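Everything on this sheet refers to the single structure shown next.
Here the structure is a predicted model, which means the values were calculated and not measured.
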Amino acid sequence: MEHIDIKTIKDITALFNSSSMTELELEVEGCRLHMKKNSSGPAQSSVPVIKEFSEGDCKESGTETYKTITAPLVGTFYSAPSPDALPFAPVGTTITKGTTLCIIEALKMMNEMPADEDCKIMEVLAQEGSLVEFGQPLFKVKPL
């Protein structure tokens, strides 16, 4: 299965930012790109969210089903809004759809990654400040 490459995402983001649109959703070959402008400043003017759909998303563990949330783009992983702040989604926390899970910094742009469903954080798989690749597992969650 093909993925949307980072150059295409950058091009689409640049066009979106220069347009009068406030929201854009695009699905190509199983990958979904959703951008929405907000008012929190230029560094967060668009929020790309890509979710790769596959049958391997859910894994059984005993009688419980766990899902892996993967990185939507290449960048630096941050679990909190600043070094001295509490993490967005610590282990054991119940998260509702749309709640920020982490920030991925790419090209000096802070991209908040929202949860696409209600879930409980079972494990954080990425290291704070580490470079993450597109599709790299970031969180192990239990869908609610």
Side-chain angles (χ1 to χ4, degrees), residues 1-19 21-38 40 42-83 85-144:
M1 178 181 296
E2 300 269 332
H3 297 294
I4 299 174
D5 63 55
I6 193 71
K7 183 187 179 320
T8 303
I9 293 171
K10 290 178 198 174
D11 292 344
I12 293 170
T13 301
L15 289 169
F16 177 71
N17 283 335
S18 65
S19 76
M21 291 186 292
T22 58
E23 191 166 2
L24 171 72
E25 187 164 337
L26 175 69
E27 188 164 341
V28 178
E29 298 178 7
C31 292
R32 183 172 53 107
L33 176 66
H34 179 239
M35 291 187 278
K36 183 175 181 180
K37 291 181 183 175
N38 60 40
S40 63
Q44 296 179 353
S45 62
S46 66
V47 183
V49 177
I50 302 171
K51 174 66 181 142
E52 176 68 29
F53 298 99
S54 70
E55 292 300 316
D57 272 347
C58 294
K59 296 188 174 57
E60 295 288 331
S61 177
T63 59
E64 298 191 82
T65 300
Y66 295 97
K67 182 176 180 181
T68 301
I69 297 175
T70 60
L73 68 159
V74 175
T76 304
F77 174 86
Y78 296 107
S79 63
S82 66
L86 294 173
F88 291 112
V91 173
T93 304
T94 298
I95 301 294
T96 58
K97 180 179 179 175
T99 301
T100 300
L101 295 170
C102 65
I103 293 174
I104 298 179
E105 179 184 6
L107 301 172
K108 298 185 180 182
M109 187 174 194
M110 300 300 197
N111 300 284
E112 293 183 4
M113 188 175 146
D116 61 352
E117 65 182 320
D118 295 350
C119 60
K120 181 176 182 179
I121 305 297
M122 303 307 289
E123 187 176 353
V124 179
L125 304 170
Q127 296 293 320
E128 182 69 24
S130 66
L131 179 65
V132 294
E133 298 292 327
F134 175 82
Q136 178 179 333
L138 301 178
F139 297 92
K140 178 179 166 184
V141 300
K142 179 181 175 186
L144 300 178

TODO: Answer whether the closest heavy-atom distance between the side chains of L73 and M109 falls below 4.5 Å.
DONE: no

Task: Shortest non-hydrogen separation from A115 to T96 and the atoms involved - done: CB-O, 3.9 Å

TODO: Show the numbers, then the answer: is there a side chain to side chain contact (heavy atoms under 4.5 Å, CB included) between E123 and F139?
DONE: CA-CA 6 Å; E123 187 176 353; F139 297 92; over 6 Å; no

- [ ] Please report the C-alpha distance between L101 and V141 in whole Å, then the side-chain angles of each, then the deciding distance to 0.1 Å, and finally whether the side chain to side chain contact (heavy atoms under 4.5 Å, CB included) criterion is met.
- [x] CA-CA 11 Å; L101 295 170; V141 300; 5.9 Å; no

TODO: Could you pull out the closest heavy-atom pair between K97 and D118, with the gap in Å?
DONE: N-OD1, 2.7 Å

Task: Minimal non-hydrogen separation, Q127 against F77, with atom names - done: O-CD2, 3.5 Å

Task: Inter-residue atom distance N111.CG - I104.CD1, 0.5 Å rounding - done: 7.5 Å

Task: Least distance between heavy atoms, K120 atom then G92 atom - done: CE-O, 3.5 Å

Open item on the list: Testing the basics here: between L131 and Q136, what is the closest heavy-atom pair and its distance to 0.1 Å?
Closed with: O-OE1, 4.0 Å

Task: Heavy-atom side-chain contact between I103 and F88 under 4.5 Å - done: yes

Task: Shortest non-hydrogen contact between S79 and C102, atoms and distance - done: CA-CB, 4.5 Å

Task: Spacing of OG1 belonging to T68 relative to CE belonging to M122, to within rounding of 0.5 Å - done: 12.0 Å

Open item on the list: Using the rule side-chain contact (heavy atoms from CB on, under 4.5 Å), only one of E105, E112, M113 pairs with Y78; which is it?
Closed with: E105

